[in-house]
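Single-structure report; data block below.
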Amino acid sequence: MAKVVIIDGKPVLRDEWHPMDVESVADDMEVELTEDQVLEVMEIIVRRHDANIGINWDVIGSAIDYVLESA
């Protein structure tokens, strides 16, 4: 997932996560999410993840739990 891209002539390390990644974790958890819930999971991760830990499968799972508990 991580890759180096060139932006304004300088290398940048980019780690991309996509909706299908969130859906994959939800499938493993045996839950279904709407498109809106997938977006909500991603927005929660952006706002609340710990930069020392980063974004990983467990972080995505925790955000899914949060969204489902809030529903």
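The structure displayed is predicted, hence computed values, not measured ones. We number each residue from 1, following the sequence as shown.
Lys10 is linked by a salt bridge (charged side-chain N to carboxylate O under 4.0 Å, His left out) to nothing, counting only residues two or more places apart in sequence or in another chain. Listed by chain and residue number, Val5, Ile7 satisfy the side-chain contact (heavy atoms from CB on, under 4.5 Å) test with Val12 (two or more places apart in sequence, or in another chain). Every side-chain contact (heavy atoms from CB on, under 4.5 Å) that Ser70 has, sequence neighbours left out, goes to Tyr66. Taking Ala51 as the reference, nothing meets the side-chain contact (heavy atoms from CB on, under 4.5 Å) condition, with sequence neighbours excluded. Ile53 pairs by the side-chain contact (heavy atoms from CB on, under 4.5 Å) definition with Asp50, Asn56, Val59, not counting sequence neighbours.
Residues in residues 20-50 take part in no ring-ring contact (aromatic ring centres under 6.0 Å, His included) pair, two or more places apart or across chains. For residues 19-39, no residue pair satisfies the ring-ring contact (aromatic ring centres under 6.0 Å, His included) rule, not counting sequence neighbours. A ring-ring contact (aromatic ring centres under 6.0 Å, His included) check over residues 5-37, counting only residues at least two apart or in different chains, returns the pairs Trp17-Trp57.
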Could you list the donor-acceptor pairs under 3.5 angstrom formed between side-chain atoms of residues 24-37 and any protein atom two or more places apart in sequence or on another chain?
from  : atom 1 : to    : atom 2 : distance (Å)
Thr34 : OG1    : Asp36 : N      : 3.4
Thr34 : OG1    : Gln37 : N      : 3.0
Gln37 : OE1    : Thr34 : N      : 2.9

Residues 39-48 side chain polar contacts: donor-acceptor under 3.5 Å, at least two apart:
none

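Summarising the geometry of Val22 relative to Ile60, their closest heavy-atom pair is CA-CG2, 4.0 Å, with the distance given to 0.1 Å.
Through direct or relayed side-chain contacts under 4.5 Å between Ile, Leu, Val, Met, Phe, Trp and Tyr, Ile6 connects to no other residue.
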